[in-house]
There are 2 protein chains.
Amino acid sequence: MSKQRPSVQDKGVWENRGWENKGQEVPASPGQECLRVPRVEFSVGIDLVIFSVDHDQNCLLVLLGRSPQARGWALPGSGVGPGESLQAAAYRIVSETIQVQNLYLEQLYSFDEPLRSQPSESRRYLSVSYFALVRYEEAPLRSESVAWHVLNSPIQFQAHHQEIVQYGYQRLRNKVAYSPIAFDVLPVQFTLHDLYQFYCAILGDGFADYSNFRSKLLKLGFLRDTGEKLIRGAGRPASLFQFDREAFAPFQDQPLVFV
Amino acid sequence: MSKQRPSVQDKGVWENRGWENKGQEVPASPGQECLRVPRVEFSVGIDLVIFSVDHDQNCLLVLLGRSPQARGWALPGSGVGPGESLQAAAYRIVSETIQVQNLYLEQLYSFDEPLRSQPSESRRYLSVSYFALVRYEEAPLRSESVAWHVLNSPIQFQAHHQEIVQYGYQRLRNKVAYSPIAFDVLPVQFTLHDLYQFYCAILGDGFADYSNFRSKLLKLGFLRDTGEKLIRGAGRPASLFQFDREAFAPFQDQPLVFV
DNA sequence: CCAAAAGTGTTCCCGGTACACCCATGG
DNA sequence: CCATGGGTGTACCGGGAACACTTTTGG
């Protein structure tokens, strides 16, 4: 259940663009004194990109706050307490802003904060960002200074938070395609239309035909039909399904399980 | 060329397993004093997983060093200097250990180091890990304390470095499948067998049939036949190809381009 | 002429795509 | 009986997997 470190069986990234160097000689370091790098103190903070899907509006939401001093919206964040792991800090920030029962949490990236760090100063700032996915319907806000924002709406961001959000969004899109994080955030029982809508909100409408989506997932066999039905006014009642973790295991190491 | 931050168009991860919480209420924070977290000082270090492919032996290598004090092999690493970005520090470490002209560099993950941090202590340790891919043939070692290791051989690792290596290996495997990092590390002109061997070393033999690999890549059209041939003793001369970045652009956002 | 290395082609089959169509319920 | 939402079926196409085959060189 709880994992402090990423597990080895996990699958790989196709974001995280790095640095390429071709043909130019990488210079040797100026001198051996580099081996004894002067000690620098870092203030480490956590920034959280908290996502949620509003099934009624059928849209993807991010949780943002207005910081007292600066203008523009900012990600919920905080420093790391003594004796508190990075993940624990991320978790704490979630629990401080919303009252949540179901969530998925994952480290995103560590950003330097060169703007705040003076070159000559010995103090440095480092922001470790996480992204979280929570169930909107069951996550009332705990703090008055934060609010849900539709992701595709134009938002005035503070500092480089726009970038972190974009990065988290990419990660979410990709994650959702091969990983069953949807079921961390959906009710235990759900209809296939619920599931389809969830994917539509994140990947955009028409990421796949509904009927194909349906038959593909059912063929894979990790969705158990509970036999129960859900009646929503007119129309045929919808079957309620449950996610079967055991049955999903074989697909753990496979790309593009969903979509 | 040089990117300090991951770009937004990048594609997504399927490693980075996070934390799931289902059904259990996430408790509210003990008190409001959490909003004013006591300041903790971090020592930030960089650990590098440097990979390389030995085309003669046809195997994947990692660069490891023996640290003076502890037993077991360790990743090359160092603290971050004042006024030095995380990536610059990673780059410096590469240049200190090997003399390299071509490389790919990317941030991996940030690890807490709970073992070294005392619970009551105000000092904390944080390790930001990077992975690098370098061209073996053109990367003579600069330091005597490091050596190449065949990745699949049993290695006695120091602390949690085994974990970081595994993590980096996963990332490499996935990265290689959709991203053209192979061409950062291959010569400008290469035969398709060279390319195939590169993938074999990383993904394991028989990740795909050679002839299918060949026809698929050629059909995509971002490999330009230079017309030049390479003669290696007996046998038909091999055509030399070049990677065409422009022509690759359309596939930037596509999974499983290679393999 | 043979072996070695490189390159081409062919067949089969599965899985995605795009639809059209059938079913159950409320009004 | 019709609108509405849910579920099923089918016909086509492309791309991957496996394998056989041809081409060009050196000895």
Side-chain angles (χ1 to χ4, degrees), chain A residues 55-58 176-178 186-187 189-201 203-242 250-251 253-259, chain B residues 55-56 58 176-178 186-187 189-200 203-242 250-251 253-259:
Chain A
H55 283 94
D56 295 331
Q57 307 278 351
N58 194 32
V176 119
Y178 58 85
L186 251 44
Q189 297 196 354
F190 50 87
T191 71
L192 282 173
H193 268 99
D194 290 338
L195 188 60
Y196 182 65
Q197 267 205 45
F198 175 88
Y199 280 93
C200 281
L203 301 174
D205 287 27
F207 75 98
D209 185 84
Y210 167 71
S211 77
N212 294 325
F213 176 79
R214 179 191 177 83
S215 45
K216 177 174 182 184
L217 284 188
L218 288 182
K219 190 162 46 177
L220 293 176
F222 51 76
L223 295 181
R224 266 209 3 264
D225 191 335
T226 61
E228 297 182 50
K229 304 285 176 186
L230 178 70
I231 300 167
R232 295 195 247 246
R236 179 172 175 171
S239 300
L240 285 166
F241 290 85
Q242 243 177 276
F251 305 99
D253 299 310
Q254 216 139 322
L256 307 179
V257 181
F258 312 89
V259 58
Chain B
H55 283 95
D56 295 332
N58 195 30
V176 119
Y178 59 83
L186 251 45
Q189 298 198 353
F190 50 87
T191 71
L192 281 174
H193 267 99
D194 290 339
L195 187 61
Y196 181 65
Q197 267 206 44
F198 176 88
Y199 279 93
C200 281
L203 300 174
D205 286 29
F207 75 97
D209 185 85
Y210 167 71
S211 76
N212 293 326
F213 175 80
R214 178 190 176 84
S215 45
K216 178 174 182 184
L217 284 188
L218 289 182
K219 190 160 47 175
L220 292 176
F222 51 76
L223 296 181
R224 266 209 2 265
D225 191 336
T226 61
E228 297 182 50
K229 304 285 178 187
L230 178 70
I231 300 167
R232 296 194 246 245
R236 179 172 175 171
S239 301
L240 285 166
F241 290 85
Q242 243 177 277
F251 305 99
D253 298 310
Q254 216 138 321
L256 308 179
V257 181
F258 312 90
V259 58

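Protein chains get the first letters and strands the later ones, always in sequence-line order, with residue 1 at the start of each.
Going from atom NZ of A/K216 over to atom P of C/dC14 covers 16 Å, rounded to whole Å. The CZ-C1' distance, from B/R236 to D/dT25, rounds to 9 Å in whole Å. With rounding to whole Å, A/L220 atom CG is found 8 Å from C/dG16 atom P.
The shortest side-chain heavy-atom distance between A/L230 and A/F190 does not fall under the 4.5 Å cut-off. Residues A/L186 and A/F241 form no side-chain contact, since every pair of their non-hydrogen atoms from C-beta on lies 4.5 Å or further apart. Using a 4.5 Å cut-off on side-chain heavy atoms (C-beta onward), B/Y199 and B/V259 make no contact.
When all heavy atoms are compared, the tightest approach of A/H55 to A/F198 is NE2-CB, 4.0 Å. Considering every non-hydrogen atom in both A/G206 and A/C200, the closest pair reads N-SG, 4.5 Å. Contact detail for A/L217 and A/V257: the closest heavy-atom pair is CD2-O, 4.4 Å.
Along DNA chain D, the nucleotide nearest B/K219 and the nucleotide nearest A/A238 are compared for position; the residue whose nucleotide lies closer to the 5' end is A/A238.
Against DNA chain C, the stretch residues 205-214 of chain A makes heavy-atom approaches under 4.0 Å through A/D209, A/S211, A/N212. The stretch residues 191-201 of chain A comes close to DNA chain D through A/H193, each having a heavy atom under 4.0 Å from the strand. Residues of residues 224-234 of chain A having a heavy atom closer than 4.0 Å to DNA chain C, listed by number: A/G233, A/A234.
Ring orientation note: the planes of B/F258 and B/F222 are nearly perpendicular, at an angle over 60° on the 30°/60° scale. Ring-plane geometry between B/Y196 and B/F213 is classed as tilted, the angle between the planes lying from 30 to 60 degrees on a 0 to 90 degree scale.
With hydrogens and angles disregarded, no donor-acceptor distance shorter than 3.5 Å links the side chain of A/S239 to the backbone of A/D225.
Atom CD of B/Q197 sits about 4.5 Å away from atom CG of B/N58, to the nearest 0.5 Å.
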